[in-house]
Amino acid sequence: MSDKLYLYPVWIRIWHIFNAVFFLVLLLSGISMQYASPDFMLMPFDVAVTSHNVAGIGISIAYFIYLIGFVFTSNKKHYKIECKGLIGQLITQMRYYLFGVFKGEESPYPSTEESKFNPLQKVTYVGVLFVLFPVLIFTGLPLMFPEVIIDDFFGIGGTLLTALVHASAGFFASLFLVIHLYFATMGASFSSNFKSIINGYHESH
């Protein structure tokens with residue numbers, strides 16, 4: 001038997017869906033541009049560039065809408081990190097993901113109306129949303145207008161450095177996506193966490 005909590009309001013679900021679509025377009029077009037060759041292309045180079053730029057603008061707008069929602073709604077309470085005992089909590093949660101979940105153990109930090117994320121999720125999401133995302137946006141947008149980038153940064157070409165930082169951040173964002181999708185399967189059922197993005201209800205064991 002499972003319990004359901006309404007944890008994902010409509011605006012969060014809409015943002016999440018748009019964010020996912022934009023990111024997938026960015027991922028595919030970015031890989032296509034990075035590794036394009038006459039022998040193998042995911043998509044024509046000009047299509048990849050245009051798709052990447054449009055999706056980049058779209059995900060940036062969605063991000064700033066999310067920030068507005070974060071500031072003016074109660075959603076921010078779910079990202080509050082308590083530093084006291086945090087290391088121990090992270091170790092406990094990692095142990096659960098590595099071993100406990102496969103033994104059928106109960107989650108050490110189940111979702112509640114006051115805190116829908118466990119400590120590891122909080123740290124990860126804060127890092128992705130408030131560090132990684134800004135890096136991607138504030139390196140990606142200048143690459144659309146390279147004339148605004150400084151020519152030299154301590155002996156390194158400004159455009160090259162910006163592109164390297166952007167590509168590196170994109171790699172970590174892609175890694176996060178894979179891990180995020182994997183952990184999403186660890187719900188009350190394989191598909192329950194995916195359904196929550198549609199109906200807003202988190203289903204617990």
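The number of heavy atoms from other shown groups lying within 6.0 Å of NZ (K76) is above 12. Heavy-atom contacts from other residues, nucleotides or ligands closer than 6.0 Å to OH of Y109 number more than 12. Counting non-hydrogen atoms of other residues, nucleotides and ligands closer than 6.0 Å to CG of D151 gives a total of 12 or fewer.
Looking at heavy atoms from C-beta onward, I59 lies in side-chain contact with N19 at the 4.5 angstrom threshold.
Closest heavy-atom contact between A173 and L136: CB-CD1, 3.9 Å.
In terms of the side chain to side chain donor-acceptor pair (under 3.5 Å) criterion, Q89 has no residue partners (sequence neighbours excluded). Partners of Y6 according to the ring-ring contact (aromatic ring centres under 6.0 Å, His included) rule, which considers only residues two or more places apart in sequence or in another chain, are Y201. Residues that satisfy the salt bridge (charged side-chain N to carboxylate O under 4.0 Å, His left out) test with R95, not counting sequence neighbours, are E105. Taking the ring-ring contact (aromatic ring centres under 6.0 Å, His included) definition, one finds that F172 meets it with nothing, sequence neighbours left out.
Checked against a 6.0 Å centroid threshold, the rings of F130 and F70 count as neighbours.
Sorted by first then second residue, the salt bridge (charged side-chain N to carboxylate O under 4.0 Å, His left out) pairs that include residues 170-187, not counting sequence neighbours, number zero. Annotation: salt bridge (charged side-chain N to carboxylate O under 4.0 Å, His left out) contacts involving residues 113-141, sequence neighbours excluded, comprise K77-E114.
Proximity of a side-chain donor or acceptor of S32 to a complementary backbone N or O of S29 within less than 3.5 Å is not detected.
Using the six-membered ring where Trp is involved, Y63 and Y66 have ring planes that are parallel, under 30° apart on the 30 and 60° scheme.
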